[in-house]
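So that the names make sense, note that chain A is the first sequence line, chain B the second, and so on, each numbered from 1.
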2 protein chains.
Amino acid sequence: MKDRRSTGMRLSQTETWLPQPDLARVDVGTVLQALSDPVRLRIVRLLDATGEGSCTTLDVPVKHSTVSHHLRTLRESGVLATRLVGNTRLSRLRKDELERRFPGLLTSVLAATPPVATPEPA
Amino acid sequence: MKDRRSTGMRLSQTETWLPQPDLARVDVGTVLQALSDPVRLRIVRLLDATGEGSCTTLDVPVKHSTVSHHLRTLRESGVLATRLVGNTRLSRLRKDELERRFPGLLTSVLAATPPVATPEPA
DNA sequence: CGATATTTACGACTGTCATCGAATAAGGTC
DNA sequence: GACCTTATTCGATGACAGTCGTAAATATCG
(Lines give C-alpha, C1' and ligand atoms only; values in the text may rest on other atoms or scores of the structure.)
Protein backbone atom coordinates (compact mmCIF):
# COMPACT_ATOMS: atom_id res chain seq x y z
CA MET A 1 0.00 0.00 0.00
CA LYS A 2 1.81 3.07 -1.22
CA ASP A 3 1.06 6.48 0.12
CA ARG A 4 2.66 9.28 -1.84
CA ARG A 5 3.34 12.67 -0.41
CA SER A 6 4.33 15.92 -2.05
CA THR A 7 7.69 14.49 -3.17
CA GLY A 8 7.47 12.51 -6.37
CA MET A 9 6.29 9.05 -5.46
CA ARG A 10 5.14 6.58 -7.99
CA LEU A 11 1.79 4.97 -7.67
CA SER A 12 1.95 1.23 -8.01
CA GLN A 13 -1.65 0.32 -8.61
CA THR A 14 -1.59 0.38 -12.41
CA GLU A 15 1.74 -1.08 -13.37
CA THR A 16 2.46 -1.24 -17.04
CA TRP A 17 4.45 -4.06 -18.56
CA LEU A 18 6.07 -4.42 -21.93
CA PRO A 19 4.46 -7.05 -24.16
CA GLN A 20 5.79 -10.54 -23.61
CA PRO A 21 5.05 -13.86 -25.30
CA ASP A 22 2.96 -16.61 -23.81
CA LEU A 23 5.48 -19.25 -22.80
CA ALA A 24 3.18 -22.00 -23.98
CA ARG A 25 3.83 -20.77 -27.49
CA VAL A 26 7.59 -20.49 -27.07
CA ASP A 27 9.83 -23.19 -28.44
CA VAL A 28 12.74 -24.46 -26.40
CA GLY A 29 15.02 -23.66 -29.33
CA THR A 30 14.09 -20.01 -29.01
CA VAL A 31 15.10 -19.96 -25.37
CA LEU A 32 18.33 -21.80 -26.11
CA GLN A 33 19.05 -19.30 -28.84
CA ALA A 34 18.45 -16.43 -26.43
CA LEU A 35 20.71 -17.93 -23.80
CA SER A 36 23.46 -18.85 -26.24
CA ASP A 37 24.89 -15.36 -26.47
CA PRO A 38 27.61 -14.61 -23.89
CA VAL A 39 26.36 -11.12 -23.12
CA ARG A 40 22.78 -12.26 -22.74
CA LEU A 41 23.83 -15.16 -20.55
CA ARG A 42 25.66 -12.68 -18.35
CA ILE A 43 22.58 -10.48 -18.18
CA VAL A 44 20.51 -13.47 -17.13
CA ARG A 45 23.00 -14.35 -14.41
CA LEU A 46 23.07 -10.76 -13.17
CA LEU A 47 19.29 -10.57 -13.07
CA ASP A 48 19.17 -13.85 -11.20
CA ALA A 49 21.56 -12.46 -8.62
CA THR A 50 20.14 -8.96 -8.26
CA GLY A 51 16.47 -9.61 -8.91
CA GLU A 52 15.95 -6.67 -11.22
CA GLY A 53 18.03 -4.53 -13.49
CA SER A 54 17.90 -1.91 -16.18
CA CYS A 55 19.93 -0.77 -19.12
CA THR A 56 22.31 1.30 -17.02
CA THR A 57 22.57 -0.84 -13.92
CA LEU A 58 23.59 -4.01 -15.75
CA ASP A 59 27.34 -4.41 -15.80
CA VAL A 60 28.05 -5.71 -19.27
CA PRO A 61 30.90 -4.78 -21.63
CA VAL A 62 28.72 -3.32 -24.39
CA LYS A 63 27.08 0.01 -25.08
CA HIS A 64 23.66 0.88 -23.78
CA SER A 65 21.97 0.58 -27.13
CA THR A 66 23.32 -2.94 -27.43
CA VAL A 67 22.14 -3.84 -23.95
CA SER A 68 18.71 -2.58 -24.90
CA HIS A 69 18.80 -4.81 -27.95
CA HIS A 70 19.69 -7.84 -25.87
CA LEU A 71 17.01 -7.08 -23.32
CA ARG A 72 14.52 -6.94 -26.13
CA THR A 73 15.69 -10.29 -27.46
CA LEU A 74 15.43 -11.87 -24.03
CA ARG A 75 11.99 -10.42 -23.47
CA GLU A 76 10.64 -11.48 -26.86
CA SER A 77 11.95 -14.99 -26.32
CA GLY A 78 10.09 -15.18 -23.03
CA VAL A 79 13.08 -15.19 -20.72
CA LEU A 80 12.39 -11.95 -18.91
CA ALA A 81 9.64 -9.49 -18.16
CA THR A 82 9.96 -5.72 -18.11
CA ARG A 83 7.87 -3.30 -16.11
CA LEU A 84 7.90 0.44 -16.58
CA VAL A 85 8.59 2.44 -13.50
CA GLY A 86 9.00 6.14 -13.97
CA ASN A 87 11.88 6.89 -16.22
CA THR A 88 13.40 3.44 -16.26
CA ARG A 89 12.46 -0.08 -17.23
CA LEU A 90 13.15 -2.80 -14.73
CA SER A 91 13.61 -6.27 -16.14
CA ARG A 92 13.49 -9.51 -14.22
CA LEU A 93 13.64 -13.20 -15.00
CA ARG A 94 10.39 -15.07 -15.60
CA LYS A 95 11.86 -17.76 -13.44
CA ASP A 96 8.73 -19.49 -12.19
CA GLU A 97 6.99 -19.46 -15.53
CA LEU A 98 10.07 -20.81 -17.26
CA GLU A 99 10.38 -23.51 -14.66
CA ARG A 100 6.84 -24.62 -15.38
CA ARG A 101 7.27 -24.51 -19.16
CA PHE A 102 10.78 -26.01 -19.30
CA PRO A 103 11.39 -27.72 -15.97
CA GLY A 104 15.05 -27.68 -14.99
CA LEU A 105 16.28 -25.71 -17.97
CA LEU A 106 17.01 -22.28 -16.54
CA THR A 107 17.89 -23.87 -13.21
CA SER A 108 20.59 -26.02 -14.75
CA VAL A 109 21.98 -23.12 -16.77
CA LEU A 110 22.22 -20.89 -13.71
CA ALA A 111 23.73 -23.68 -11.65
CA ALA A 112 26.38 -24.45 -14.24
CA THR A 113 29.91 -24.13 -12.91
CA PRO A 114 32.55 -22.37 -14.99
CA PRO A 115 34.93 -24.58 -16.94
CA VAL A 116 38.28 -25.51 -15.49
CA ALA A 117 40.57 -22.87 -16.90
CA THR A 118 42.87 -22.76 -19.90
CA PRO A 119 41.68 -25.33 -22.45
CA GLU A 120 44.83 -24.80 -24.48
CA PRO A 121 47.77 -22.77 -23.19
CA ALA A 122 48.79 -21.72 -26.71
CA MET B 1 46.23 -56.87 -36.23
CA LYS B 2 43.11 -57.49 -38.12
CA ASP B 3 41.60 -60.88 -38.05
CA ARG B 4 38.72 -61.09 -40.41
CA ARG B 5 36.95 -64.19 -41.42
CA SER B 6 35.25 -64.80 -44.68
CA THR B 7 32.12 -62.99 -43.59
CA GLY B 8 32.60 -59.36 -42.70
CA MET B 9 32.94 -59.30 -38.94
CA ARG B 10 34.02 -56.26 -37.07
CA LEU B 11 36.38 -56.62 -34.21
CA SER B 12 35.42 -54.49 -31.27
CA GLN B 13 38.53 -54.59 -29.14
CA THR B 14 40.37 -51.60 -30.55
CA GLU B 15 37.71 -49.02 -31.21
CA THR B 16 38.84 -45.67 -32.48
CA TRP B 17 37.07 -42.48 -31.51
CA LEU B 18 37.24 -39.02 -32.94
CA PRO B 19 38.84 -36.46 -30.63
CA GLN B 20 36.41 -34.88 -28.18
CA PRO B 21 36.79 -32.19 -25.54
CA ASP B 22 36.96 -32.81 -21.84
CA LEU B 23 33.59 -31.67 -20.55
CA ALA B 24 35.21 -30.14 -17.49
CA ARG B 25 36.71 -27.59 -19.82
CA VAL B 26 33.49 -26.91 -21.72
CA ASP B 27 31.46 -23.83 -20.91
CA VAL B 28 27.71 -24.05 -20.64
CA GLY B 29 27.46 -21.28 -23.23
CA THR B 30 29.20 -23.49 -25.73
CA VAL B 31 26.66 -26.24 -25.22
CA LEU B 32 23.78 -23.79 -25.43
CA GLN B 33 25.23 -22.43 -28.63
CA ALA B 34 25.47 -25.93 -30.06
CA LEU B 35 21.89 -26.75 -29.13
CA SER B 36 20.48 -23.45 -30.35
CA ASP B 37 20.50 -24.40 -34.02
CA PRO B 38 17.26 -26.06 -35.20
CA VAL B 39 19.00 -28.70 -37.30
CA ARG B 40 21.44 -29.58 -34.53
CA LEU B 41 18.64 -29.77 -31.98
CA ARG B 42 16.85 -32.15 -34.29
CA ILE B 43 19.98 -34.26 -34.62
CA VAL B 44 20.28 -34.40 -30.85
CA ARG B 45 16.67 -35.52 -30.52
CA LEU B 46 17.12 -38.17 -33.19
CA LEU B 47 20.25 -39.49 -31.55
CA ASP B 48 18.46 -39.59 -28.23
CA ALA B 49 15.69 -41.63 -29.79
CA THR B 50 17.74 -43.98 -31.92
CA GLY B 51 20.89 -44.27 -29.83
CA GLU B 52 23.32 -43.87 -32.69
CA GLY B 53 23.34 -42.32 -36.11
CA SER B 54 25.54 -41.32 -38.99
CA CYS B 55 25.62 -38.78 -41.74
CA THR B 56 23.28 -40.71 -43.99
CA THR B 57 20.94 -42.24 -41.45
CA LEU B 58 19.98 -38.95 -39.80
CA ASP B 59 16.79 -37.56 -41.24
CA VAL B 60 17.45 -33.85 -41.49
CA PRO B 61 16.50 -31.44 -44.29
CA VAL B 62 20.04 -30.50 -45.27
CA LYS B 63 22.76 -31.94 -47.47
CA HIS B 64 25.25 -34.45 -46.20
CA SER B 65 28.11 -32.02 -46.11
CA THR B 66 26.05 -29.77 -43.88
CA VAL B 67 25.15 -32.65 -41.60
CA SER B 68 28.82 -33.44 -41.32
CA HIS B 69 29.47 -29.84 -40.35
CA HIS B 70 26.83 -29.97 -37.63
CA LEU B 71 28.08 -33.27 -36.29
CA ARG B 72 31.50 -31.76 -36.04
CA THR B 73 30.14 -28.76 -34.17
CA LEU B 74 28.24 -30.96 -31.77
CA ARG B 75 31.25 -33.16 -31.19
CA GLU B 76 33.64 -30.26 -30.61
CA SER B 77 31.23 -28.70 -28.15
CA GLY B 78 31.15 -31.92 -26.18
CA VAL B 79 27.59 -32.92 -26.93
CA LEU B 80 28.28 -36.12 -28.79
CA ALA B 81 30.96 -38.72 -29.32
CA THR B 82 31.81 -40.40 -32.60
CA ARG B 83 33.33 -43.79 -33.08
CA LEU B 84 34.68 -45.08 -36.33
CA VAL B 85 33.33 -48.38 -37.47
CA GLY B 86 34.42 -49.45 -40.90
CA ASN B 87 33.39 -46.97 -43.49
CA THR B 88 30.97 -45.05 -41.35
CA ARG B 89 31.07 -42.91 -38.22
CA LEU B 90 28.49 -43.56 -35.58
CA SER B 91 27.71 -40.66 -33.32
CA ARG B 92 25.89 -40.81 -30.01
CA LEU B 93 25.01 -38.41 -27.23
CA ARG B 94 27.41 -38.08 -24.31
CA LYS B 95 24.34 -38.19 -22.14
CA ASP B 96 25.80 -39.40 -18.85
CA GLU B 97 28.83 -37.17 -19.02
CA LEU B 98 26.70 -34.15 -19.83
CA GLU B 99 24.37 -34.99 -16.98
CA ARG B 100 27.31 -34.97 -14.59
CA ARG B 101 28.76 -31.75 -15.97
CA PHE B 102 25.47 -29.86 -16.41
CA PRO B 103 22.85 -31.66 -14.31
CA GLY B 104 19.41 -31.38 -15.81
CA LEU B 105 20.38 -29.41 -18.87
CA LEU B 106 20.16 -31.95 -21.67
CA THR B 107 17.39 -33.73 -19.82
CA SER B 108 15.22 -30.64 -19.74
CA VAL B 109 15.91 -29.86 -23.37
CA LEU B 110 14.97 -33.35 -24.50
CA ALA B 111 11.89 -33.34 -22.29
CA ALA B 112 10.68 -30.01 -23.63
CA THR B 113 7.23 -30.20 -25.19
CA PRO B 114 6.59 -28.46 -28.51
CA PRO B 115 4.85 -25.09 -28.34
CA VAL B 116 1.11 -24.88 -28.70
CA ALA B 117 0.70 -24.29 -32.40
CA THR B 118 0.22 -21.18 -34.47
CA PRO B 119 1.87 -18.27 -32.67
CA GLU B 120 0.49 -15.92 -35.31
CA PRO B 121 -2.15 -17.06 -37.81
CA ALA B 122 -0.85 -14.65 -40.47
C1' DC C 1 9.26 25.43 -19.82
C1' DG C 2 14.18 24.15 -20.16
C1' DA C 3 17.68 20.67 -18.89
C1' DT C 4 18.99 16.19 -17.90
C1' DA C 5 18.69 11.17 -17.58
C1' DT C 6 17.04 6.81 -19.42
C1' DT C 7 15.85 4.01 -23.04
C1' DT C 8 14.56 2.79 -27.56
C1' DA C 9 14.53 3.14 -32.74
C1' DC C 10 17.01 3.50 -36.85
C1' DG C 11 20.79 2.98 -40.04
C1' DA C 12 25.14 1.04 -41.08
C1' DC C 13 29.04 -1.92 -40.59
C1' DT C 14 31.08 -6.21 -39.56
C1' DG C 15 31.77 -10.79 -38.49
C1' DT C 16 29.99 -15.15 -37.92
C1' DC C 17 27.58 -19.09 -39.49
C1' DA C 18 24.56 -22.20 -42.10
C1' DT C 19 24.28 -23.89 -46.55
C1' DC C 20 25.68 -25.85 -50.82
C1' DG C 21 28.66 -28.01 -54.55
C1' DA C 22 32.79 -29.99 -55.92
C1' DA C 23 36.89 -32.21 -54.73
C1' DT C 24 39.30 -35.43 -51.79
C1' DA C 25 40.19 -39.34 -48.72
C1' DA C 26 39.20 -43.79 -46.76
C1' DG C 27 36.60 -48.62 -46.54
C1' DG C 28 34.48 -52.14 -48.36
C1' DT C 29 33.21 -55.07 -52.28
C1' DC C 30 33.67 -57.32 -56.53
C1' DG D 1 42.87 -52.94 -59.13
C1' DA D 2 38.37 -50.89 -60.33
C1' DC D 3 34.30 -49.27 -58.34
C1' DC D 4 30.96 -47.62 -55.21
C1' DT D 5 29.69 -45.88 -50.77
C1' DT D 6 30.49 -42.87 -46.96
C1' DA D 7 32.28 -38.93 -45.00
C1' DT D 8 35.10 -34.89 -44.62
C1' DT D 9 37.22 -30.66 -46.31
C1' DC D 10 37.47 -26.68 -48.98
C1' DG D 11 35.85 -22.44 -51.11
C1' DA D 12 32.06 -19.48 -52.02
C1' DT D 13 27.84 -17.40 -50.99
C1' DG D 14 24.05 -15.57 -48.60
C1' DA D 15 21.69 -14.45 -44.49
C1' DC D 16 21.50 -13.31 -39.91
C1' DA D 17 23.11 -11.18 -35.66
C1' DG D 18 25.98 -8.29 -32.57
C1' DT D 19 27.89 -3.88 -32.27
C1' DC D 20 27.97 1.05 -32.40
C1' DG D 21 26.54 6.06 -33.08
C1' DT D 22 23.11 9.18 -33.52
C1' DA D 23 18.56 10.72 -33.26
C1' DA D 24 14.14 10.57 -31.08
C1' DA D 25 10.79 9.69 -27.29
C1' DT D 26 9.49 9.81 -22.43
C1' DA D 27 10.01 11.07 -17.63
C1' DT D 28 12.06 13.57 -13.81
C1' DC D 29 13.84 17.64 -11.75
C1' DG D 30 14.64 22.59 -11.19
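With the nearest nucleotide of DNA chain D identified for both A:Val39 and B:Leu90, B:Leu90 has the one nearer the 5' end.
In this structure the side chain of B:Ile43 never reaches within 4.5 angstrom of the side chain of B:Leu46, judged on heavy atoms. With contacts defined as side-chain heavy-atom distances shorter than 4.5 Å, the pair B:Thr57/B:Glu52 does not qualify. You'll find the side chain of A:Leu35 stays beyond 4.5 Å of the side chain of B:Val28, heavy atoms only. Contact annotation: the side chain of A:Leu23 never approaches that of A:Val31 to less than 4.5 Å [non-hydrogen atoms, C-beta and beyond]. Residues A:Leu90 and A:Thr82 fail the side-chain proximity criterion, which asks for heavy atoms closer than 4.5 Å.
The hydrophobic clustering, which links ILVMFWY residues whose side-chain heavy atoms are closer than 4.5 Å, places A:Val79 and A:Val60 together. B:Leu98 and B:Leu110 end up in the same hydrophobic cluster when Ile, Leu, Val, Met, Phe, Trp and Tyr side chains are linked at under 4.5 Å. Linking ILVMFWY residues whenever their side-chain heavy atoms come closer than 4.5 Å, directly or via other members, places B:Val62 and B:Leu74 in the same cluster.
For the pair B:Gln33 CD and D:dC16 P, the interatomic distance rounds to 17 Å; values are reported in whole Å. Residue A:Arg89 contributes atom CZ, which lies 7 Å from atom C1' of C:dT8 at whole-angstrom precision. At whole-Å resolution of the value, CG in B:Leu84 and C1' in C:dA25 are 13 Å apart. The separation between B:Asp37 atom CG and C:dT16 atom P is 18 Å, rounded to whole Å.
Defining each end axis of the helix from C:dC1-D:dG30 to C:dC30-D:dG1 as the rotation carrying four pairs' C1' atoms onto the next four, with five pairs an end, the two axes are found to diverge by 20° to 10 degrees.
Checked against D:dC20, D:dA27, D:dT6, the side chain of A:Asn87 finds its nearest nucleotide in D:dA27.
The side-chain hydrogen bond (donor to acceptor under 3.5 Å, both in side chains) test with A:Arg40 is passed by exactly one of A:His70, A:His69, A:Gln33: A:His70. If you run side-chain hydrogen bond (donor to acceptor under 3.5 Å, both in side chains) between B:Gln20 and each of B:Arg75, B:Glu76, B:Arg94, only B:Arg94 comes through.
Within residues 63-74 of chain B, the residues approached by DNA chain D to less than 4.0 Å at the level of any non-hydrogen atom are B:Ser65, B:Ser68, B:Arg72, in residue-number order. The stretch residues 48-57 of chain B touches DNA chain D through B:Ser54, B:Cys55, B:Thr56, each having a heavy atom under 4.0 angstrom from the strand.
At a threshold of 4.0 Å, the pair B:Arg101-B:Glu97 does not count as salt-bridged, since none of the basic side-chain nitrogens sits closer than that to a carboxylate oxygen.
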